[in-house]
Structures are given as C-alpha cells and as structure tokens.
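Quick one: this structure, given as structure tokens, is what I'll be asking you about.
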Amino acid sequence: MPQVENPFAGRTIIMSGGSRGIGLEIARRAAADGANITLVAKTDKPHPKLPGTIHTAAEELEKAGGSVLKVVGDVRDDEVVATAVARTVDRFGGIDVVVNNASAIDLSPTETLSMKTYDLMQDINCRGSFLLSKLSIPALQESARAGRNPHILTLSPPLNPDPRWVGAHLGYTIAKYGMSLVTLGLAEELRPHGIAANSLWPRTTIATAAIRNRPGGEQRIATSRTPDICADAAYLVLTSPSARTSGNFFLDDEVLAAHGITDLEKYRALPGKEPLTSDLFL
C-alpha cells in the first residue's frame with residue numbers, strides 16, 4: 001500500500017466507547033488526519049470521578065480535525081449498535097475501521113464477584129465486540145472492494161494460557177479472552193475478504209483516570225505510560241495493509257519497535273527511573 005501523507009483522511013471509524021482514555025487518544029490520532037469518527041458511548045452526563053463525556057470527546061476530535069457522529073447508547077443494546085452502524089454508513093458513506101474499545105473491569109475473585117457484574121463484563125467486553133464487528137461486516141466488505149484498507153482492532157490481550165491469569169480474576173479474564181477470541185475468529189473468517197482483525201494491548205499499565213481512582217492509583221500512575229503509546233501503535237496497525245496484517249495480538253511497544261521507534265521515554269506518565277508496571281495478562 002503506497003504511503004500517503006494523511007492515511008486516515010476521509011476514512012471512517014466506528015468505535016465503542018471513546019469518551020476518555022485510550023479510546024479517545026486513538027480517535028484523536030486519526031482525527032488529526034481528517035478521519036470521520038462515530039463514537040458509540042453511553043457517557044452522556046459527567047461522571048463524578050471520571051472526566052469526559054461523549055460530547056466533550058466529540059468537541060476535542062472536531063478541534064483535532066475530524067468529523068464526528070455521536071451515538072449515545074449502550075453497546076449491549078442490539079438496536080443501538082445497529083442504528084449506529086446504519087447512521088455511520090448514511091452520514092459518511094461507509095465504514096473502514098471498527099475499534100472495539102469499550103470494556104468493563106472487575107478483578108474480584110469468583111466467590112465475591114456478583115453475577116450482575118459478571119454479566120456486565122461479558123456483555124460489554126465480549127458480546128459488544130462481537131456485535132459491533134458483526135454488524136459492520138457488510139460495510140467493511142464494501143470498504144475492501146473499494147480498496148480502503150478495512151480493519152477491526154480490539155483492545156484485548158494475547159491469549160496467554162498461563163493459569164495465573166484465570167486463577168487471579170476468572171470473570172474478568174473470561175471477558176477479555178472472549179474479546180481476543182473475536183479477533184482470532186474474525187481474522188480467519190474475514191481473511192478471504194481482505195478485512196484485517198487484530199488485537200492491541202499495552203505492555204505496561206496506562207495512566208488513565210480509571211487507574212488513578214483505584215487503590216494505590218497515584219503510585220501506579222508513576223510507573224505507567226500515557227495513552228499516547230497505544231494511540232501511536234493503533235495508528236500504525238490501522239494504516240498497515242489489511243490483506244497482510246491480520247490475526248495478530250500486538251503489544252504497543254512491539255508495534256513501535258517494528259517501525260524503528262525504540263526510545264519510549266516520552267510515553268512515561270511521570271519522569272523517573274522506577275521500573276514500569278507490567279499490565280495484566282503478560
């Protein structure tokens with residue numbers, strides 16, 4: 001695929017979540033090229049502890065250079081997702097990229113994890129990724145036929161068989177590995193159509209408001225990287241040729257290294273020499 005100055009210019013992304021954190025940074029990176037972006041998020045009103053709503057995110061993305069469609073709703077709702085896909089195609093003429101970013105987390109052990117929370121994680125993480133990808137396939141096939149480099153990117157970890165991760169927080173691990181299975185299956189299923197499906201996961205913890213609000217959050221921030229590293233890695237994945245870049249479980253720093261970027265100090269959340277904290281599942 002020939003290199004172009006702004007490879008996202010005129011391309012269309014539909015993303016679950018994205019009102020803050022890693023998803024917002026991925027969208028902002030694409031918006032700077034002039035991308036069209038649909039956000040499917042339920043954060044309509046300010047959260048008492050977490051900054052950002054779908055409205056503030058849209059404002060930021062438009063200031064960065066993107067065109068934004070806001071769909072306020074829950075990725076667990078079939079009708080909301082179907083409407084979001086239809087409105088995206090109607091407004092922007094198609095879909096070139098799906099980013100499965102929305103995710104719920106609870107690291108409670110099995111005995112204390114409520115089934116309500118278990119269902120929430122399965123429905124948002126695994127089912128939501130499956131649903132948004134599924135409903136976007138016809139548009140992605142059109143994108144492939146038009147040579148627009150279609151991709152599905154899911155923010156989920158490598159499928160690590162180490163029992164440590166299942167034993168630590170079974171409910172959450174099932175939900176995240178379910179997302180990764182969506183990548184594995186879709187990569188094979190959609191390969192004949194030239195549609196890429198990959199996962200991306202950070203090597204270290206990422207300095208987001210969600211991390212800051214957890215116990216020991218301030219200390220964890222000091223040994224984390226910023227969301228920019230995930231955004232830069234996602235940009236490189238999503239601008240790679242879809243026909244040759246599929247079925248991968250990428251780590252952010254490995255993506256950057258493959259493109260000659262090895263000095264990662266600028267991504268540290270705070271200057272320092274403390275060892276960075278590895279993320280889960282690695």
Notebook entry, point to check: Strictly under 6.0 Å, is that where the ring centroids of Phe281 and His169 end up?
Noted result: yes

Notebook entry, point to check: Is Asp44 reaching over with its side chain to a backbone N or O of Val72, donor-acceptor style, under 3.5 angstrom?
Noted result: no

Note to self: If you compare all heavy atoms of Thr12 against all heavy atoms of Gly94, which two are closest, and at what distance to 0.1 Å?
What the structure shows: CG2-O, 3.3 Å

Item checked: Closest heavy-atom pair and its distance - Ser67, Phe92 -> O-CZ, 3.8 Å

Next item on the list: Could you pull out the closest heavy-atom pair between Ala144 and His193, with the gap in Å?
Entry: CB-O, 3.2 Å

Item checked: Any donor-acceptor pair under 3.5 Å from Asn198 side chain to Thr183 backbone -> no

Checklist line | Set of salt bridge (charged side-chain N to carboxylate O under 4.0 Å, His left out) partners for Asp253, sequence neighbours left out | finding: Arg203

Margin query: Any carboxylate oxygen within less than 4.0 angstrom of a Lys/Arg side-chain nitrogen, looking at Arg127 and Asp119?
Written below: no

Next item on the list: Apply side-chain contact (heavy atoms from CB on, under 4.5 Å) to the pair Thr38 and Val40, showing each step before the final yes or no.
Entry: CA-CA 6 Å; Thr38 295; Val40 187; 4.2 Å; yes

Item checked: For the student: nearest non-hydrogen atoms of Ile37 and Ala31, plus distance -> CD1-CB, 3.8 Å

Notebook entry, point to check: Got a salt bridge between Glu142 and Arg145, using NZ or NE/NH1/NH2 to carboxylate O under 4.0 Å?
Noted result: yes

Notebook entry, point to check: Which atom pair, heavy atoms only, marks the closest approach of Arg268 to Thr223?
Noted result: NH2-CA, 4.5 Å

Notebook entry, point to check: Should Trp165 and Met121 be regarded as members of a common hydrophobic cluster, given that ILVMFWY residues are connected when their side-chain heavy atoms come within less than 4.5 Å of each other, either directly or indirectly?
Noted result: yes

Next item on the list: Rounded to the nearest 0.5 Å, what's the gap from CG on Leu140 to CZ on Arg148? Could you check?
Entry: 11.5 Å

Checklist line | Row check, Tyr235 ring normal vs Arg29 NZ/CZ: under 6.0 Å, within 45° | finding: yes

Check: Are Asp74 and Arg76 within salt-bridge range, i.e. N to O under 4.0 Å?
Finding: yes

Margin query: If I compare all heavy atoms of Ala269 with all of Ile221, which pair ends up nearest, and what's the gap?
Written below: CB-O, 3.4 Å

Checklist line | No-hydrogen, no-angle side-chain donor-acceptor test under 3.5 Å, Lys176 and Ser103 | finding: yes

Margin query: When you measure from the side chain of Gln122 to the backbone of Gly171, do you find a donor-acceptor pair of N or O atoms at a distance under 3.5 Å?
Written below: yes

